[in-house]
Amino acid sequence: MPDTGKKILIIDGHSILNRAFYGLPDLTNYEGLHTNAVLGFLNIIFKIIDEENPTNVCVAFDVKQPTFRHLVYKEYKGTRKPMPDELREQVPLIKEVLTAMNVTIVEKGGYEADDIIGTLSRVADSAGYKVVIVSGDRDLLQLATDNILVRIPKTKAGGTTIENYYADDVKDLYGVTPVQFIDMKGLMGDTSDNIPGVPGIGEKTASKIIQQWGSVAGALEHIDEIKPPKAQKNLAEFSEQAIMSRELAAIKLDCELDFKLEDTKYENAFNDSSYNIFKRLEFKSLLKKFDNKQTVSELKPDITVVNSTADFAYIEDAAKKSEAVGVYVAHSDDMMLGIAVACDSKNVYLINCSSGIDPDEAVKFIYDLKNAGIIICMEDLKSALKYVDFHECDTNVLDIGVAAYLLNPMEDSYDYDDVAKEYLGNILPSEKELIGKDELNIFTFISDNFLEVFSYKAVVPLLAKDIVMDKLAKEGMLELYNKVELPTVYTLYDMEKRGIRVDKAELEEYSKKLEKRIQELHDSIIGYAGKEFNINSPKQLGPILFEDMGIPGGKKTKTGYSTSVDVLEKVKNEHPIIGDILEYRQLTKLNSTYAVGLVNYISDDGRIHGTFNQTITATGRISSTEPNLQNIPMKLELGRLIRKAFIPKEGYIFVDADYSQVELRVLAHLSGDEVMKNAFLNNVDIHATTASEVFEVPIDEVTSLQRRHAKAVNFGIVYGISAFGLSEDLGISRKEASDFIAKYYDTYKSIKAYLDEQVAHAKEKGYVTTMFGRIRPIPELKSSNFMQRSFGERVAMNSPIQGTAADIIKIAMVRVNMKLKELGLKSQLILQIHDELLIEAAEDEVDIVKKLLVDEMMHAADMTVPLEVGVASGNNWYEAK
DNA sequence: CGGGTCACG
DNA sequence: ACGTACGTGACCCGG
C-alpha cells in the first residue's frame, strides 16, 4: 500500500454533536442561540486535529430519510427519542461553521453517516491515507483495522479524554475482532437503534458465542452446541431475527460517494468567514486560533495621553458635542494615576497624573463635565468613588455595569468585555488577557496594554449607555435603576469606607481558647482512630470511620464517603469519636474562618473594610467578600461569641435592626392570601399559626414539634418546596412531607395559586419579576433535563420573594444612609445582612437613630401587610442582636 | 481549581 | 425514574 503521507480525519457529525451537547452546560449567544453543542464539537475536533495533524478532514451527517435498513426492518431506530430543540437548532449551525472553515460535509440520502464513514475509511485506506475515525458511538468499532484508528472522545468533568481503538484494541476489550463485533450485535441487539437481537442474550453471552463460533452464521451451524441452554433455545427460535439484526448492525463499505477524496483537504480553516461566525457565536477561546487576526476589533479607540491641563478645553468641547463621556479612573493600590475620558468611539484621552497633572485638577475637570450636565458613564462606579466624589444626587452619573446586571443578573461579571459582547456585539480582549497579573503602578501605567485596557474601560460604557438604558426602560426597570440600584452604589461605598471596628486582642484570645480545645479533640480523635491522620480530609476520614472502625453509614458522594454533619449526626450514638469530630469541625471552622481569618483583615485603623458586591446574586441581594461579613456566626452560642469582638468606636454604640419574617410577609402581600395576611395583620406568631391551621389544633395547643414542622414548611414554601427537601429537613417520610404540603396549600389557597402562576409566567416569558420590577431569567425551565427544569420551577417560586425582600432592604438601606447624612448625624450605617442593618450610633443619637431606622425600614415598601422591625442596641454586635 | 463542608440570611 | 429545598462566600484538601 502506498504511503502518501496523507491522513484523513473522518468525523461522525451527529454523534459528536450529541456528546458535546450533553457534556457542556447550556450556553447561548446574544441572539439567544444555543451554542454549547457547537462549541463542544469544535473543542473535540480541534483537540484531535492538534494531535493528529491530518491533511484531510470531513464530517459525515445522517440525512433524515429512510435507509435500506428501514426496508429490512421498519422499526429500525423506532424507539429513538426526538432531539431536544436546543440541540436541533445547532445542527444547521455546526454545518454553517464547518462550511465556513472549508471542512467538507458529506451526507447522502438513503445512507447513514456510519455507512459513509465506513465506505470512506476503506476508500481512503486503499488510496494510501492514514485513517482516523472520530465518533461517540461504539458501533463504529467494527470499522477498526490495523491501519484504521477509531477514536471515541469522552467528555468528563474537567476535560476530554479519548479512547483509541485499532483492531487489536477492540479484540482486547470485547474478545472479538471488529468484524465479529457486528455478529455480536446481531445476537445482543442495540436498544438505541432498536435492533432486536436475540432475547435473553446480552453482551457477555454474545461475546462468548462469537468467540467460539466466529459469527452468527457459524453459531447457527452449531446450534446444538450453543451454551447456555437458554441462549441455544432462543437463538434457534429467533435465528432469522439474529441474521436480520446482524445485517442491520453491519456498516456498509460500498456506498457510492459523489465526491473525491481530494475534496476533503483541510486548509484555510481560519479565514474571515469562520472568524466572523466564531465571533457571532461568542467563541472567544477559539478566536485565539486566528494568529494574524488576533482579537483586535474595530472598537479599538486611539488613546491620547494628556500631560497638560491646557488640553482640557479641547476634551470638554468634544464631550459637549456628544453630551456624554465614558470615564475610567486608573489607580494603583491607593494612588490615582490618571483618568481616561472617552468622548466618542474613536478617541480616548488619558489625563496623566503620574507626572505633570495634579490629580486634584484632573478630578475637578471631571466635576466640571458633570456639572455641565454631561452624562458620565462608568464601568464600575463604586470603585471610582474613592477618587471622584460623586453623590446620590448626581443623576447624570451612570454605572453601566450595574445597569447590565439588572438586565441580566445571571452573568458572572459585567466588565467592559462582557458589556461589549452583550450589547455592542463586539468581542474585546479581556483585562486579564491584556495585562494578566501585571501590576498597575506608576511605571507600568503608560504601557500599551494598560492603555488599551483604560481605553476600553472608558469607551465601552459610553457606547453601551443608550442601548442599555433604552433596554432598561423597555423592561420597566428604569425606576428600579435610578431609585434603588444607583443610590445603593453610594451606600455600599460608604459602608466599605467606614468599615467595622474589631477588637483584635479579643479575637486572638478567643482563638487561643479554641485551639486549646481543638488540640484535646484532635488527640482524642486520633486516639480512637488508632492512627495519625488529617481530620480535615474527608477523603481520609471517611474510610477510617466507615471501614476501619466499622461505623455504619454508606457512600454518598462520587469521590467517596460523605462525612457531612447530617450523616454524622445519624451515627452519633455509634461511637464517641463522632461527637468529637463534630465538635472538632465546629471549632476549627470558627477558628480558621473567623477567629484567625478575620484578624488578617483588620486594617491599620483597627477596622475591617470588606467589599460589598452589587452584581453577583441572581436575585438582587448584596453579597459580601474579603471578608464575608454576612455570615458571622449567630445560630450557636459558641460561635455567636465572635460577635463580641465587633465593637463600636469610643463614644458610640451599635444599633441593630432587622425585619421579622420579611419573606413570608412579602409572600402574603404578593399572593394576596387572606389567611396569611390576617396572621400578619394580627401580628401573631406566624409559625405557630401555620401549625394551628395545618394541624387543625387551637393555637395554644400547638406543640413545639408542630411549630417546628410548620416553620420548616413556611421556609420550604419560600424556597420552592419539594416533598423530598422537606422530608430531608425534618427527618420525616416523603409521604408525610407531601401531606404537610397539601394541607398547607389547602390552608393558604391563594399562595398555591400564586406560586403556580409564577411558574406559568416564567415558562411563558422566560423570567419572573419582583414587586419593583427586577427580573430574574430562568433559562432552566426550557431545559430538556428534568432536574434542571424542576430547579427552574423552584427558582420561579423563590426569586420573586427573595428578590422583593432584597429590593425592600436596599430601599431601606439607602434611605437610612441618606437620612443620617442629611440630618448631619454622627451615626453611620456600616453593615447590611440581607434583612438587617447595623449602625454605629453616637451615644447621644441612639434614640433618634432607632426611630429613624424603624421608620424607614417599616415604610420602605407599600404592602397590604405591615413590615415589622426589631431593633436592639449594645456595646458590641453580640449584645445588639 | 473543583469538591466537600459549613457559616449566614 | 429522574435527585432536590432558595441565595451566598471561605477554608481545606488533593489532583
Side-chain angles (χ1 to χ4, degrees), chain A residues 156-159 409-410 533-542 556-568 581-582 584-598 600-601 610-613 616-636 638-640 642-643 658-659 661-663 667 712-730 734 737 741 776 778 780 783-803 805-806 809 831-836 881:
Chain A
K156 272 195 231 156
M410 312 264 295
F533 73 103
N534 188 342
I535 307 169
N536 288 322
S537 165
K539 204 184 161 185
Q540 294 178 40
L541 180 62
K556 211 181 155 191
T557 65
K558 318 160 227 200
T559 45
Y561 295 100
S562 169
T563 64
S564 63
V565 188
D566 40 327
V567 172
L568 295 189
I581 290 170
L582 288 168
Y584 177 88
R585 282 255 180 87
Q586 194 195 339
L587 266 51
T588 51
K589 173 89 175 183
L590 289 174
N591 193 44
S592 63
T593 304
Y594 299 103
V596 177
L598 287 173
N600 296 323
Y601 287 103
T611 303
F612 292 102
N613 310 293
I616 297 290
T617 71
T619 53
R621 276 190 176 178
I622 302 296
S623 92
S624 163
T625 51
E626 295 179 77
N628 183 351
L629 294 169
Q630 291 179 321
N631 73 345
I632 304 301
M634 171 73 192
K635 287 167 186 162
L636 299 172
L638 180 65
R640 194 171 181 160
I642 292 266
R643 293 178 176 232
D658 68 345
Y659 282 117
Q661 308 298 346
V662 62
E663 290 184 336
L667 175 60
V713 183
N714 274 328
F715 269 95
I717 293 292
V718 169
Y719 293 157
I721 199 145
S722 76
F724 184 91
L726 183 65
S727 68
E728 281 288 290
D729 190 53
L730 288 178
R734 245 164 99 174
I741 296 167
R776 158 92 196 243
I778 314 181
E780 293 88 350
S783 167
S784 49
N785 177 307
F786 171 87
M787 194 190 74
Q788 293 236 327
R789 233 175 21 249
S790 307
F791 173 74
E793 288 169 8
R794 294 195 294 273
V795 165
M797 297 189 250
N798 169 266
S799 292
I801 304 170
Q802 188 182 129
I809 187 91
L831 283 185
Q832 185 256 44
I833 309 99
H834 308 308
D835 65 352
E836 169 188 357
K881 266 296 273 184

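Using a 4.0 Å heavy-atom cutoff across all strands shown, L726(A) reaches at least one base atom of the nucleic acid. Using a 4.0 Å heavy-atom criterion, one finds that G720(A) contacts no nucleic acid atom at all. Base engagement by S722(A) is indicated by at least one non-hydrogen atom pair under 4.0 Å involving a base atom. A806(A) comes within 4.0 angstrom of no nucleic acid atom, judged by non-hydrogen atoms across all strands. No contact: R640(A) has no heavy atom under 4.0 Å from any strand. Across all strands shown, Q540(A) has heavy atoms under 4.0 Å from sugar-phosphate atoms exclusively, and none from any base. In this structure, A796(A) reaches neither bases nor backbone, as no heavy-atom distance under 4.0 Å exists between it and the strands shown. Contacts of F715(A) with the nucleic acid, taken as non-hydrogen atoms under 4.0 Å apart, are absent.
Under the ring pair (Phe, Tyr, Trp, His ring centres under 6.0 Å) criterion, Y561(A) pairs with F546(A), not counting sequence neighbours. Evaluation of the side-chain hydrogen bond (donor to acceptor under 3.5 Å, both in side chains) rule for S727(A) yields no partner, not counting sequence neighbours. D658(A) meets the salt bridge (Lys or Arg N to Asp or Glu O under 4.0 Å) test with K881(A); sequence neighbours excluded. S623(A) is linked by a side-chain hydrogen bond (donor to acceptor under 3.5 Å, both in side chains) to N613(A), counting only residues two or more places apart in sequence or in another chain. Take E780(A) and apply the salt bridge (Lys or Arg N to Asp or Glu O under 4.0 Å) test, not counting sequence neighbours, and it matches no residue. Residues meeting the side-chain hydrogen bond (donor to acceptor under 3.5 Å, both in side chains) test with T619(A), sequence neighbours left out: Q802(A). The salt bridge (Lys or Arg N to Asp or Glu O under 4.0 Å) check on K539(A) picks up nothing, with sequence neighbours excluded. Residues passing the salt bridge (Lys or Arg N to Asp or Glu O under 4.0 Å) test with R776(A): none are found, sequence neighbours excluded.
Using atom C1' as the reference point in both dC8(B) and dG3(C), the two lie 26 Å apart (nearest Å). Comparing dA7(B) with dC2(C), their C1' atoms sit 31 Å apart, to the nearest whole Å.
Secondary structure note: stems in DNA chain C built from 3 or more consecutive Watson-Crick or G-U wobble pairs under 3.5 Å occupy B:1-9 with C:6-14.
Minimum interatomic distance between L590(A) and P633(A) (heavy atoms only, all atoms of both residues): CD2-CG, 3.7 Å.
Positionally, the nearest nucleotide of DNA chain C for R734(A) lies more toward the 5' end than for the other of R734(A) and E626(A).
With a 4.5 Å cut-off on side-chain heavy atoms, I622(A) and Q630(A) count as touching.
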Would you mind building the protein contact string for nucleotides 4-9 of chain B? One character per nucleotide, 5' to 3', B for base within reach (heavy atoms under 4.0 Å), S for sugar-phosphate only, - for untouched. SSBBBB
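Residue pairs meeting the salt bridge (Lys or Arg N to Asp or Glu O under 4.0 Å) criterion with at least one partner in residues 792-801 of chain A, sequence neighbours excluded, are K763(A)-E793(A).
Where DNA chain C meets chain A (any atom under 4.0 Å from a heavy atom), the bounding nucleotides read 5' to 3' are dC2(C) to dG15(C).
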